[in-house]
Trainee: 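My questions all concern the structure below.
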Amino acid sequence: MDFQWVIFEVFVILLTHFSKEVWSFVGNNVSQSSGSSIQNGPESALDNSDDTCAVTNYGAGNYWRIQFNQTLTVKSVELRLKGGNYTIEVGNSLKKVSDRHVCASENLPFPSSKYTVNVSCKPAVRGDIIVVKRVDTGYLSLCDIKLRVCELSTDGEPCPMCTVDTTCRHCDQSHYGDSCEHNCSPGCVPGSCDELTGKCNCITGFTGTHCRFLG
């Protein structure tokens with residue numbers, strides 16, 4: 001099994017298949033847009049129980065959010081949600097909200113019913129924030145959430161890309177892209193080409209974010 005499951009509990013624990021070590025993520029920031037009941041607060045989605053749910057007040061713009069104390073490479077998310085229209089987003093706390101990647105939009109028709117929703121992020125997305133957002137008016141009721149991530153690299157850093165089976169891989173310094181299908185510009189400083197975006201530092205005589213222009 002070439003993947004890890006992060007099972008959300010009050011303390012988020014990452015189980016690493018390869019090293020057999022248990023990684024503890026203490027101090028994660030969990031919040032939701034509204035709702036003050038301890039019984040239905042944001043931590044209720046983390047107790048691995050389908051009987052307790054994080055529930056917001058009725059209204060528009062409701063969300064549930066968790067911020068990790070390190071960046072992860074998110075492959076997929078499994079949710080237990082009551083009916084409504086939702087987006088599941090992965091982002092970086094240091095970037096703008098508009099930069100978040102929407103892994104999926106889900107339309108669940110019956111407000112009182114619980115649904116198991118499996119969302120794949122294609123390609124896998126690096127981030128330290130996951131947001132479940134209700135995009136119509138109503139309560140947001142999240143009863144459980146599980147996260148599938150790419151394996152960590154040998155130095156414990158998040159993998160920049162995943163293959164289909166969630167194993168970690170890297171492009172060489174001359175290529176970038178989800179499948180390393182693009183050539184880095186000859187105007188890039190060797191070793192500076194970002195293996196996801198192709199952005200790089202320019203050698204003298206080249207300009208632009210990808211150093212493709214003479215200038």
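Numbering starts at 1 and runs along the sequence shown.
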Trainee: Using the rule that two of Ile, Leu, Val, Met, Phe, Trp, Tyr join whenever any of their side-chain heavy atoms come within less than 4.5 Å, decide whether Val131 and Leu46 are in one cluster.
Mentor: no
Trainee: Which heavy-atom pair separates His210 from Ser185 by the least distance, and what is that distance?
Mentor: O-CB, 3.0 Å
Trainee: Val125, Ile129: one ILVMFWY side-chain cluster at the under-4.5 Å cut-off?
Mentor: no
Trainee: Test side chain to side chain contact (heavy atoms under 4.5 Å, CB included) on Leu81 and Glu106 and set out the steps.
Mentor: CA-CA 10 Å; Leu81 282 164; Glu106 297 291 337; 5.8 Å; no
Trainee: Main chain of Arg126, side chain of Thr71: is a donor-acceptor contact present, judged purely on distance under 3.5 Å?
Mentor: no
Trainee: Tell me, yes or no, whether the heavy-atom count around Lys199 atom NZ, taken from other residues, nucleotides or ligands under 6.0 Å, exceeds 12.
Mentor: no
Trainee: Regarding Ser37 and Gln39, is there a side-chain donor-to-acceptor distance under 3.5 Å anywhere?
Mentor: no
Trainee: Could you report the tightest heavy-atom contact between His175 and Cys184, atom names first, then the distance?
Mentor: N-SG, 3.6 Å
Trainee: Going by salt bridge (Lys or Arg N to Asp or Glu O under 4.0 Å), Arg80 matches just one of Asp50, Asp51, Asp144, Asp47. Which one?
Mentor: Asp50
Trainee: Which atom names give the shortest non-hydrogen contact between Leu140 and Tyr63, and what distance separates them?
Mentor: CD1-CA, 3.7 Å
Trainee: Atom CG of Leu214 and atom CZ of Arg212: how far apart are they, to the nearest 0.5 Å?
Mentor: 13.0 Å
Trainee: Can you check whether Cys193 and Cys188 have SGs under 2.5 Å apart?
Mentor: no
Trainee: Trp64 vs Ile145, test: side chain to side chain contact (heavy atoms under 4.5 Å, CB included). Steps then yes/no.
Mentor: CA-CA 11 Å; Trp64 182 94; Ile145 179 169; 4.0 Å; yes
Trainee: Is the side chain of Ser34 donor-acceptor paired with the backbone N or O of Asn57 at a distance under 3.5 Å, no angle test?
Mentor: yes
Trainee: At what distance, to the nearest 0.5 angstrom, does NZ of Lys75 lie from SG of Cys103?
Mentor: 11.0 Å
Trainee: On a heavy-atom basis, which atom in Val102 and which in Ser105 lie closest, and how many Å separate them?
Mentor: CG1-OG, 4.2 Å
Trainee: Heavy atoms only: give me the nearest Cys121-Val74 pair and the separation to one decimal.
Mentor: CB-O, 3.7 Å
Trainee: Over 60° means perpendicular and under 30° means parallel, so classify the ring planes of Tyr139 and Tyr58, tilted if in between.
Mentor: perpendicular
Trainee: Applying a strict under-4.5 Å side-chain criterion to I, L, V, M, F, W and Y, I'd like to know whether Phe110 and Leu142 cluster together.
Mentor: yes
Trainee: Apply disulfide (SG to SG under 2.5 Å) to the pair Cys202 and Cys211, showing each step before the final yes or no.
Mentor: CA-CA 5 Å; Cys202 299; Cys211 304; 2.0 Å; yes
Trainee: Distance from Ser93 atom OG to Arg100 atom CZ, nearest 0.5 Å?
Mentor: 10.0 Å
Trainee: Between Asp128 and Gln67 (side chain of the first, backbone of the second, donor and acceptor by atom type, cut-off under 3.5 Å), is there such a pair?
Mentor: no
Trainee: Which atoms form the tightest heavy-atom contact between Ser76 and Ser120, and what is the distance?
Mentor: CB-CA, 4.0 Å
Trainee: Applying the 4.5 Å side-chain criterion to the ILVMFWY set and letting contacts propagate, would Tyr176 and Phe206 be lumped into a single cluster?
Mentor: no
Trainee: Taking side-chain contact (heavy atoms from CB on, under 4.5 Å) as the criterion, tell me which of Leu147, Val132, Leu108 meets it with Leu79.
Mentor: Val132
Trainee: Look only at the side chain of Asn62 and the backbone of Arg134, and say whether a donor-acceptor pair between them is shorter than 3.5 Å.
Mentor: no
Trainee: Any donor and acceptor pair, going by atom type alone, linking the side chain of Asp136 with main-chain N or O of Asn85 inside 3.5 Å?
Mentor: yes
Trainee: Membership question, hydrophobic clusters at under 4.5 Å side-chain separation (ILVMFWY): are Tyr115 and Tyr86 in the same one?
Mentor: yes
Trainee: So, taking the atom named CD in Gln32 and the one named CD in Glu43, what distance separates them when rounded to the nearest 0.5 Å?
Mentor: 8.0 Å
Trainee: Got a second to check how far Ile88's CD1 is from Lys133's NZ, nearest 0.5 Å?
Mentor: 11.0 Å
